[in-house]
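Below is one structure, written out as structure tokens; comments come after it.
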Amino acid sequence: MKTGFRILHCLRAPVGGLFRHVCDLAAAQSRAGHEVAVVCADTGNALTDARLDALAGEISLGVHRVPMGRELGFGDARATRRVMALARSLDIDVLHGHGAKGGAYARLAARLLRVRGTAPVCIYTPHGGSLHFDPATRKGRILFALEKRLERMTDGIIFESAYSSARYAALIGPSQTTVRVVANGVGPADFDVVTLDGDATDLLFIGELRTLKGVDVLLDAMAAVAVTRPVTATIVGDGPDAEAFKDQARRLGLSDRVRFPGARPARDAFKMGQTLIIPSRAESFPYIVLEAGAAKKPLITTRVGGIPEIVGNSGTAMLEPGDVAALTAALFDALAAPEAGRARATALCERIASRFSVAGMTDAVLDVYRAAAAQRQAGGRTGQRRLRLSA
């Protein structure tokens, strides 16, 4: 008799913290004795493909690619059918959707499978996703209406932060299904010491290059600091606003002070700058804060999303988003007193080590699966196969 789950994780774009979460969770579930698969969109990115290949070597049911568009469109129906066919061929017990698109495909596929007589448990983790949209806009209203309808097909929702849980309730309404907050976690390797490169810059940004991440605010603050003292920065990442940020750096006279090396793994990027700046206008529960904290990187961040839940009382500098003057002052402080930044980084590292682990995250997610599976079994739906419950 089998005691483990057969799990399919569904996500659209294998990038950023969402991808890190799925990789860590899938690998840890596999080590715990479960059979795991991942389905995502094609990337065309060599670095991401290498990470997917590495993940495929750690999970028994493989990594599968399905065309998935970023925007709503006719291709979504095809993607849903392909996810459903994959789940059926793999005899999946748990369909776990990540992000707005991955969550939609997983829930719609689970619904189709139930119509056909099987009963996979369906779990959804938003990872921010549609929760970042403005409810006053037409797109926001459409997405939130879709989220409300999709919840009816959901056996459990896992939020990575209390912030996301509260925002979901405010935008979509109180959930009618099982809800659990399970924080993201980091592993032992994240606590390895980082040695700076010889040409490391004063400041460092790591993330997707789009306006939501506040790179424009960082550049404006740098320009204000540069009036009275030298300051350098490395901006690591890629994204839709990369060229706009490079143009802004040129306009501000920062071309010889700011470098844009493209996307790099976070651990490699940590070597390239001393103080990490996270000037985001919105976040959910960003891995980069966990990773930087574990690596004892001095950190300046904004007070958005679940970041206060991570940093707690560690003394880490948190600013209001979009406030150039506040960030300028914080940069002056960081440059003038680097030892204070290192002390705060040590306090944050201790907090993360005691609260945010991959092992704890995985155990909690599996508990959600068990609870949802037990609830579905208790419903006694005619003609649906019983789920294999893990011990």
Side-chain angles (χ1 to χ4, degrees), residues 194-239 241-262 264 266 268-283 286 288-289 292-293 295-304 307-308 311 314-349:
V194 172
T195 301
L196 290 174
D197 292 338
D199 61 348
T201 53
D202 300 312
L203 311 176
L204 175 66
F205 170 90
I206 306 171
E208 189 177 7
L209 300 189
R210 57 185 178 127
T211 302
L212 185 74
K213 297 297 184 179
V215 178
D216 56 316
V217 181
L218 172 57
L219 292 171
D220 284 341
M222 272 192 68
V225 171
V227 172
T228 56
R229 68 165 299 162
V231 60
T232 56
T234 302
I235 296 178
V236 177
D238 200 358
D241 297 320
E243 291 306 315
F245 294 144
K246 292 174 184 177
D247 288 342
Q248 181 183 0
R250 284 191 288 269
R251 291 196 309 272
L252 293 171
L254 298 174
S255 295
D256 60 342
R257 299 173 183 267
V258 180
R259 59 186 181 185
F260 292 83
R264 298 282 191 281
D268 293 343
F270 286 156
K271 302 174 184 178
M272 304 173 74
Q274 299 187 55
T275 300
L276 182 68
I277 314 299
I278 301 175
S280 301
R281 292 179 167 89
E283 288 288 355
I288 192 63
V289 177
K296 294 186 181 180
K297 291 292 293 182
L299 179 66
I300 299 170
T301 183
T302 45
R303 191 188 306 274
V304 296
I307 291 177
V311 305
S314 65
T316 300
M318 288 190 290
L319 314 174
E320 294 307 310
D323 191 333
V324 175
L327 181 54
T328 300
L331 295 184
F332 272 121
D333 289 344
L335 294 167
E339 66 284 351
R342 288 192 286 269
R344 290 190 292 268
T346 297
L348 179 56
C349 179

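Remember, predicted model here, so these are calculated numbers, not experimental data.
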[X] versus [Y]: any side-chain heavy-atom pair under 4.5 Å?
X	Y	result
Val258	Ile235	yes
Gln248	Asp216	yes
Asp220	Leu327	no
Arg344	Pro298	no
Arg257	Pro230	yes
Pro286	Ile278	no
Leu331	Ile277	yes
Val289	Leu299	yes

Using only atom types and a distance under 3.5 Å, with no angle test, would you say the side chain of [X] pairs donor to acceptor with the backbone of [Y]?
X	Y	answer
Arg229	Ala226	no
Thr301	Met318	no
Asp202	Thr232	yes

Query raised in the report: Is there a side-chain hydrogen bond (donor to acceptor under 3.5 Å, both in side chains) between Thr234 and Thr201 once you walk through the steps?
Result: CA-CA 6 Å; Thr234 302; Thr201 53; 2.9 Å; yes
Which atoms form the tightest heavy-atom contact between [X] and [Y], and what is the distance?
X	Y	answer
Ala266	Ile288	CB-CD1, 4.1 Å
Leu348	Val311	CD1-CA, 3.7 Å
Pro321	Arg281	CB-CA, 3.9 Å
Phe270	Leu196	O-CD2, 3.6 Å
Thr346	Lys296	OG1-CD, 4.2 Å
Ser314	Ala347	O-CB, 3.7 Å

Requested in this report: Nearest 0.5 Å please: distance from the CZ atom of Phe245 over to the CZ atom of Phe205.
Outcome: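 Phe245 CZ to Phe205 CZ: 7.5 Å, rounded to 0.5 Å.
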Report task. Could you go through the side-chain contact (heavy atoms from CB on, under 4.5 Å) check for Gln274 and Leu204 one step at a time? Result -> CA-CA 7 Å; Gln274 299 187 55; Leu204 175 66; over 6 Å; no
Query raised in the report: Can you list the steps and then say if Leu252 with Leu219 is a side-chain contact (heavy atoms from CB on, under 4.5 Å)?
Result: CA-CA 8 Å; Leu252 293 171; Leu219 292 171; 4.1 Å; yes
If you look only at pairs with a residue in [range], which of them pass as a salt bridge (Lys or Arg N to Asp or Glu O under 4.0 Å), with sequence neighbours excluded?
range	result
residues 328-343	none
residues 315-328	Arg303-Glu320
residues 205-215	Glu208-Arg210, Lys213-Glu283

Query - Short N-O contact, Asp199 and Arg259, less than 4.0 angstrom - result: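 Here Asp199 pairs with Arg259 in a salt bridge, since their nearest N and O are under 4.0 Å apart.
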Requested in this report: Please assess Val215 against Asp241 for the test side-chain contact (heavy atoms from CB on, under 4.5 Å), listing each intermediate value before the final yes or no.
Outcome: CA-CA 9 Å; Val215 178; Asp241 297 320; over 6 Å; no
Requested in this report: Just do the side-chain contact (heavy atoms from CB on, under 4.5 Å) check on Leu335 and Val225 with the steps written out, would you?
Outcome: CA-CA 10 Å; Leu335 294 167; Val225 171; 3.9 Å; yes
